[in-house]
Amino acid sequence: MNHFLSIHDVQDLNQLITSGIISKRNPFGDRKLGQDKTIGLLFFNSSLRTRLSTQKAAQNLGLNVLIMNVGQDGWGLEMEESLPGMPVVMDGANAEHVKEAAAVIGQYCDIIGIRSFAKLADQEKDYRELVFEQFKKYAGVPILNLESETRHPLQSLADCITIEEFKVKARPKVVLTWLPHFKALPQAVANSFCEWMNRMDVELVVTHPQGYELAPEFVGNAEVVYDQDKALEGADFVYGKNWSSFTNYGQVLVHDPSWMITEEKMARTDNGKFMHCLPVRRNVKVADEVLDGPRSLVIEQAANREWAAQAALKEILLGMQ
Ligand SMILES: CCC[C@H](NC(C)=O)C(=O)O
Ligand SMILES: NC(=O)OP(=O)(O)O
């Protein structure tokens, strides 16, 4: 079964990036690939870009699209399984077990996309990606990750396409910088960005306050720098993102507005471009002057979500032939 859950499902990254760029140039070139097939997009959390770009990409490929906000439109789903002598008694808020729900949705859909964020309460539970494991186990069809507890591969593929399109050096310096936020957000986007940049020919630097170290399996060969100004020196791309602490799981340890990206900070770069997955809180994470100025690639980056989704869906559909 060819799922698209992480970089580990990607055999040839350069081929996948090229596939996305080809789709961008010829959006309907593969419109027969998905003919008479259906994709179901299940959202356990909010979305703008992922919802719209994935639906559009699917339609470009001739797929029928079903979309569901699982928690609101459907029934609350119980994800935990009974263990020998320890049955899960469903007498709480969840009216349906994922065993039935996933199997039924797998009857209606040829592919299932799922968004299910980390709950940021229990690191072990979040990092075993229970929702995705259960759907993989019971749906019987390929699963597409629309942002899981620990990764966001469609975002990362769009980020790779964007960097390939805008780089002016063979091996650009890419800086992932932590940004301030007053709420706890998942590590998924940052994890995934590091994982995919480790497969790209870039110099990857990760900068954040002490206590915000990402899990080592995601950071890989990146250089970790606690001084943001130092990290920004000579950067070609600055990728801003907030995340809550992994080591003090789910906690907001630092409220330091000096980590917000401003034009003064970007002046340290080598004519650096600013990237962010969106949504972004203006003047909390990044100043208007950067988002509204020539350095910002956030709209081009968001536009590439359609082509990233189309490349990923093409791989899944080709694997079904
Ligand atoms: C694409 C980003 C989704 C989510 N952002 C928020 C604001 O919840 C996150 O930080 O993972
Ligand atoms: N970047 C991203 O995934 O945006 P949404 O959360 O709006 O889908």
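None of the values given here were measured: they were computed from a predicted structure. Ligands are counted one by one from 1 in listed order, and the atoms in each one are counted from 1 as well.
Contact annotation: the side chain of F44 never approaches that of F117 to less than 4.5 Å [non-hydrogen atoms, C-beta and beyond]. Proximity of F237 to T162: side-chain heavy atoms (C-beta onward) are nowhere separated by under 4.5 Å.
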(request) Carefully, step by step, assess S244 and Q187 under the rule side-chain hydrogen bond (donor to acceptor under 3.5 Å, both in side chains). (result) CA-CA 6 Å; S244 58; Q187 298 91 35; 3.2 Å; yes

(request) Please assess Q301 against D159 for the test side-chain hydrogen bond (donor to acceptor under 3.5 Å, both in side chains), listing each intermediate value before the final yes or no. (result) CA-CA 6 Å; Q301 187 182 352; D159 299 336; 2.8 Å; yes

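In summary, the side chains of D126 and Y249 do present a donor paired with an acceptor at a separation below 3.5 Å, with no hydrogens or angles considered.
Aromatic ring pairs are classed by plane angle as parallel below 30°, tilted from 30° to 60° and perpendicular above 60°; the pair Y226 and H208 is perpendicular.
Here the options are K169, R171, K173, the test is salt bridge (charged side-chain N to carboxylate O under 4.0 Å, His left out), and the partner is D236; only K169 passes.
Each of the following atoms of ligand 1 lies closer than 4.0 Å to a heavy atom of K241: 9 (C), 10 (O). Which parts of ligand 1 touch E147 is read off a 4.0 Å heavy-atom cut-off, strictly below it: atoms 1 (C), 2 (C), 3 (C), 9 (C), 11 (O). Here is the list of ligand 1 atoms found below 4.0 Å of a heavy atom in P186: 9 (C), 10 (O), 11 (O). Ligand-side atoms of ligand 1 in range of L278: 1 (C), range being under 4.0 angstrom from any heavy atom. Near L185, meaning under 4.0 Å from any of its heavy atoms, are these atoms of ligand 1: 6 (C), 7 (C), 8 (O), 10 (O).
Around ligand 2 you find S47, L48, R49, T50, R115, H152, Q155, C277, L278, R305, each with a heavy-atom distance below 4.0 Å.
Checked by distance only, ligand 1 and H152 stay at 3.5 Å or farther apart across all their nitrogen or oxygen atoms. Below 3.5 Å of separation, one finds no N or O of N242 facing any N or O of ligand 1.
The shortest separation from a heavy atom of W243 to ligand 1 is not under 4.0 Å, leaving the residue out of contact.
Heavy atoms only, all atoms of each residue included: P142 and N2 are closest at CB-O, 3.5 Å.
R51 forms a cation-pi arrangement with F43, by the criterion of a distance under 6.0 Å to the ring centre and an angle within 45° of the ring axis.
For F166, the ring-ring contact (aromatic ring centres under 6.0 Å, His included) criterion is met by no residue, not counting sequence neighbours.
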